[in-house]
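Working notes, structure below.
Both ligands and their constituent atoms are indexed starting at 1 by order of listing.
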Amino acid sequence: GKVRAPTHIISTISDDRGDEPCYAGVPMSTIIERGFNVGDVISLLWFKRSLPRYCTQFIEICVMLCADHGPCVSGAHNTIVTARAGKDLVSSLVSGLLTIGPRFGGAIDDAARYFKDAYDRGLSPYEFVEGMKRKGIRVPGIGHRIKSRDNRDKRVQLLQQYAHNHFPSVKYMEYAVQVENYTLSKANNLVLNVDGAIGSLFLDLLSGSGMFTKPEIDEIVDIGYLNGLFVLARSIGLIGHTFDQKRLKQPLYRHPWEDVLYTK
Ligand code: ACO
Ligand code: LMR
């Protein structure tokens with residue numbers, strides 16, 4: 001047989017050696033000729049397969065809805081301060097991205113993990129939420145600083161509406177809504193947030209599309225692909241905030257003394 005020199009890198013998602021680059025075996029010309037969108041490219045490079053149109057459109061909706069949420073949120077704030085310190089685009093962008101984590105934008109994977117585990121084990125919302133409380137863990141995907149029962153997050157509603165109209169099953173999302181009903185009975189701001197909506201709906205996409213085996217779904221959830229959606233999406237807004245500050249020629253930011261409680 002063939003003797004192959006050992007390689008230092010294994011790669012399975014793209015290939016640039018031929019006439020044209022390929023994403024998961026699909027040549028660039030096909031991507032353009034068939035009118036693929038960014039959701040299709042994400043499917044090829046992240047999931048290594050072409051997904052049905054309703055799935056790629058859902059991915060695009062996630063990206064559009066999470067692209068920005070104004071200048072006051074953690075990520076945009078860091079980016080603005082960094083841009084105003086005279087730093088370049090990449091520094092300003094990553095300074096914002098570094099705030100994405102368990103409290104801000106990066107709760108999607110954990111929401112998917114915990115909702116999946118609780119649903120698959122048949123836990124009632126009461127058992128799930130109280131169990132998390134006993135462990136001292138906040139339910140990922142639940143809670144928001146400014147959104148509440150009477151001021152719902154439009155993004156969550158839009159995602160839910162899309163899934164209701166296009167997904168074959170929304171069982172995980174419905175479970176997340178039952179959890180929300182329970183947490184709302186405790187406090188008004190314990191709504192299903194955009195991370196929780198994407199986390200639960202992506203479980204529905206993975207399990208309902210028939211495009212993934214069970215072990216593949218477990219691997220996606222274990223590795224944690226889904227925060228990538230927020231990172232990718234919010235980069236669009238953070239880049240915008242960097243340009244905005246530069247365009248406005250904003251000076252070095254210094255936080256006002258009056259807004260700090262100096263105490264011993
Ligand atoms: N699960 C259970 N109880 C909660 C949760 C939750 N997810 N969130 C808040 N609470 C309760 C707790 O009792 C908390 O008291 P504690 O500090 O003793 O735990 C109490 O509400 C008050 O919480 P606050 O800290 O005042 O809530 P805050 O408004 O600061 O938090 C936050 C908002 C960070 C989103 C919080 O709800 C949370 O950690 N959620 C889980 C992580 C998450 O989903 N983050 C993504 C948010 S969406 C986004 O960033 C795009
Ligand atoms: C966001 O998308 O940045 C928000 O949901 C967080 C916030 O506090 O508004």
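Considering backbone and side-chain atoms alike, Ala107 places every N or O at 3.5 Å or more from each N or O of ligand 1. Backbone and side-chain nitrogen or oxygen atoms of Arg103 are examined, and one is located within less than 3.5 angstrom of a nitrogen or oxygen of ligand 1. Residue His69 has at least one nitrogen or oxygen atom sitting less than 3.5 Å from a nitrogen or oxygen atom of ligand 2, judged on distance alone. Below 3.5 Å of separation, one finds no N or O of Phe104 facing any N or O of ligand 1.
Near Gly143, with a cut-off below 4.0 Å to any heavy atom, the atoms of ligand 1 are 35 (C), 37 (O). Residue Gly141 approaches ligand 1 through these ligand atoms, each under 4.0 Å from one of its heavy atoms: 43 (C), 44 (O). Heavy-atom contacts of Phe230 reach the following atoms of ligand 1: 51 (C) (cutoff under 4.0 Å). When each atom of ligand 2 is checked for a heavy atom of Arg234 under 4.0 Å away, the hits are 1 (C), 2 (O), 3 (O). Taking a cut-off of under 4.0 Å to the non-hydrogen atoms of Val73, the atoms of ligand 2 that pass are 3 (O), 6 (C), 7 (C), 8 (O), 9 (O). Applying the 4.0 Å criterion to heavy atoms of Val194 picks out, from ligand 1, the atoms 51 (C).
For atom 26 (O) of ligand 1, the protein comes within 4.0 Å by no heavy atom at all. Protein non-hydrogen atoms do not reach within 4.0 Å of atom 22 (C) of ligand 1. Note that atom 13 (O) of ligand 1 has no protein non-hydrogen atoms nearby, at separations under 4.0 angstrom.
Counting non-hydrogen atoms of neighbouring residues, nucleotides and ligands closer than 6.0 angstrom, the OH atom of Tyr126 reaches no more than 12 such neighbours. Within 6.0 Å of CZ in Arg152 there are more than 12 heavy atoms belonging to other residues, nucleotides or ligands. In this structure, Asp150 places its CG atom where more than 12 heavy-atom neighbours from other residues, nucleotides or ligands lie under 6.0 Å away. For Tyr23, the OH atom is loosely surrounded, since the number of other residues' heavy atoms within 6.0 Å does not exceed 12. With a 6.0 Å radius and a threshold of 12 heavy atoms from other residues, nucleotides or ligands, Arg49 has its CZ atom above the threshold.
Of all the heavy atoms in Ile198 and Cys66, the pair that sits closest is CD1-SG, 3.7 Å.
In this structure, Phe167 has its ring center under 6.0 Å from that of Phe58. Aromatic pair Tyr182/Phe128: centroids not less than 6.0 angstrom apart. Aromatic pair Phe115/Tyr172: centroids not less than 6.0 angstrom apart.
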Evaluate the salt bridge (charged side-chain N to carboxylate O under 4.0 Å, His left out) criterion for residues Arg113 and Asp222: first the C-alpha distance (whole Å), next the side-chain angles of each, then the deciding distance (0.1 Å), finally the verdict.
-> CA-CA 7 Å; Arg113 287 183 189 118; Asp222 279 357; 5.4 Å; no
Evaluate the side-chain hydrogen bond (donor to acceptor under 3.5 Å, both in side chains) criterion for residues His164 and Tyr162: first the C-alpha distance (whole Å), next the side-chain angles of each, then the deciding distance (0.1 Å), finally the verdict.
-> CA-CA 5 Å; His164 266 303; Tyr162 180 85; over 6 Å; no
Can you list the steps and then say if Lys48 with Glu216 is a salt bridge (charged side-chain N to carboxylate O under 4.0 Å, His left out)?
-> CA-CA 11 Å; Lys48 298 189 10 173; Glu216 282 175 335; over 6 Å; no
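Using a 4.0 Å cut-off between heavy atoms, Val139 contacts ligand 1 through both its backbone and its side chain. Heavy atoms of Arg155 found under 4.0 angstrom from ligand 2 belong exclusively to the side chain.
The nearest heavy-atom contact from the protein to atom 50 (O) of ligand 1 is Gly105 N, 2.8 Å. Among all non-hydrogen protein atoms, the one lying nearest atom 40 (N) of ligand 1 is Ile142 O, 2.9 Å.
Residue nearest to atom 36 (C) of ligand 1, selected from Met132, Arg234, Lys133, Arg138: Arg138 (by heavy-atom distance). Nearest-residue assignment for atom 30 (O) of ligand 1 (options His69, Lys186, Arg145; heavy-atom criterion): Arg145. Residue nearest to atom 11 (C) of ligand 1, selected from Asn193, Leu190, Val129: Leu190 (by heavy-atom distance).
Between the side chains of Thr82 and Ser95, a donor-acceptor pair is found at a separation under 3.5 Å.
For the ligand labelled ligand 1, residue Gly196 lies outside the 4.0 Å heavy-atom shell. For Pro102, the closest heavy-atom approach to ligand 1 falls below 4.0 Å. For His144, the closest heavy-atom approach to ligand 2 falls below 4.0 Å.
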